[in-house]
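Remember, it's 1-based here, ligands and their atoms both numbered in the order they're listed. In what follows, every heavy atom counts, from backbone to side chain, and hydrogens, waters and symmetry copies are set aside.
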Amino acid sequence: MQITALAGGIGGARFLRGLRDALDADPALAQSDLTVIANTGDDITLFGLRVSPDVDTLLYTLGGGNNEAQGWGRDQDSYTIMGELSAYGVGPQWFGLGDKDLGTHIARSLWLGEGATPTQITARLAQRWGLPDQHIRLLPMSDSPVETHVVVTREHGPEAIHFQQWWVGERAQTPAERFIGVGLDRAAAAPGVLEAIREADLVILPPSNPVVSIGIILGVPGVRDALRGTAAPVVGVSPIIGGKPVRGHADTCLTVVGADASAKGVAGLYADFLDGWLVDPDDGAFALGSTRVVPYDAPLLMSDRPAAARLARAALDLGLDLRE
Ligand code: GDP
Ligand code: CA
């Protein structure tokens, strides 16, 4: 089976690692190929280096080199270089870049300078992390630079800042007016992205931020149409559990775009292509056009790897059911 997923960072990565576990545990599905389309709107240039946070979180988590407790960054990393930069008064200091993690950003920046595309670079990085051996193909959503910016309200008036500055630097506390996907309207889907959606047997939306992760991928020209047109069922897992965004500030992002911070509100953003939606029983079985809304009778929270695998199995079963 060919499965295609759209993903942001931590939630997406944990879910997809669980999905790989669930597939491997099923002899009928172990040979399945998984294509992951990653959000690159979070990308930012820091200290002259190109950082691609969601791609890196996916690489480290799927490759077994992530900081499990933190969710992002490398395992057992140190912060010697950040300390040196701080001693020189060089910032920003709000974005944590460990020494091992910096190796990834240096390699990416070097290859970009040599003319390699993000697709080629992601494939090289994925090789090191053993993703092809797991039958996982990781694709950036686009090879064109896209950056999500946020228009915030300051005392002196509105100001546009990078999404990471708002999210990490200001912990999404500064009132936001809107998000802008800079470069998104001119961006082309990366090679293989639209085909992976059109030719999939099943498309999955893991629990990722619906606005600044999935929403940005949906903004890449052609992606939304491919989702509407694919013969494969499109199933998603709610990032809102019992009315709460379990981590991150998904609720703040939803409010900014005028959507309800609920399982139903998120599904509404995908209503034109969503066939199945897994929700917490507390979020009620609501009706949403032709989308099958299914209460999941186990924790929707991926508290550990087996819990993520069980959740992924449920999404898989919903998708297989919809194929019949
Ligand atoms: P992203 O890179 O911005 O997409 O960030 P994350 O992947 O870290 O998280 C995005 C959203 O996914 C969070 O704001 C939560 O609402 C949701 N999320 C995170 N962890 C879980 C989980 O274990 N289960 C579910 N259902 N949702 C989660
Ligand atoms: Ca992200």
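Listing protein N, O or S atoms at distances below 3.0 Å from the Ca ion (ligand 2), with waters left out, gives D42 OD2, D54 OD1, D54 OD2.
Taking the six-membered ring for Trp and the full ring otherwise, W277 and F286 have centroids separated by 6.0 Å or more.
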For a distance cut-off of 3.5 Å, show me each N or O of ligand 1 paired with any protein N or O, plus the separation.
unit_1	atom_1	unit_2	atom_2	d
ligand 1	2 (O)	G9	N	2.6
ligand 1	2 (O)	D54	OD1	3.3
ligand 1	2 (O)	S213	OG	3.4
ligand 1	3 (O)	S213	OG	3.1
ligand 1	4 (O)	N209	N	2.8
ligand 1	4 (O)	S213	OG	2.7
ligand 1	7 (O)	I10	N	3.2
ligand 1	7 (O)	G11	N	2.6
ligand 1	8 (O)	R247	NH1	2.3
ligand 1	12 (O)	P207	O	3.2
ligand 1	14 (O)	R247	O	2.5
ligand 1	16 (O)	P239	O	2.6
ligand 1	23 (O)	M302	N	2.7
ligand 1	24 (N)	L300	O	2.8
ligand 1	26 (N)	S238	O	2.9
ligand 1	26 (N)	L300	O	3.2

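At a threshold of 4.5 Å between side-chain heavy atoms, the hydrophobic network of Ile, Leu, Val, Met, Phe, Trp and Tyr places L205 and V235 in two separate groups. The same ILVMFWY cluster, assembled from side-chain heavy atoms under 4.5 Å apart, contains both L184 and I214.
Side-chain polar atoms of Y60 and T104 form a donor-acceptor pair below 3.5 angstrom. The closest side-chain donor-acceptor pair between T45 and R50 falls under 3.5 angstrom.
In this pair, H162 and H149 present their aromatic rings tilted. The plane angle is within the 30 to 60° band.
S144 places no side-chain N or O within 3.5 Å of a backbone atom of A187 that could act as its donor or acceptor partner. D54 places no side-chain N or O within donor-acceptor distance of the main-chain N or O of T40, the cut-off being under 3.5 Å.
At a threshold of 4.0 Å, the pair R313-D317 counts as salt-bridged, since one of the basic side-chain nitrogens sits closer than that to a carboxylate oxygen.
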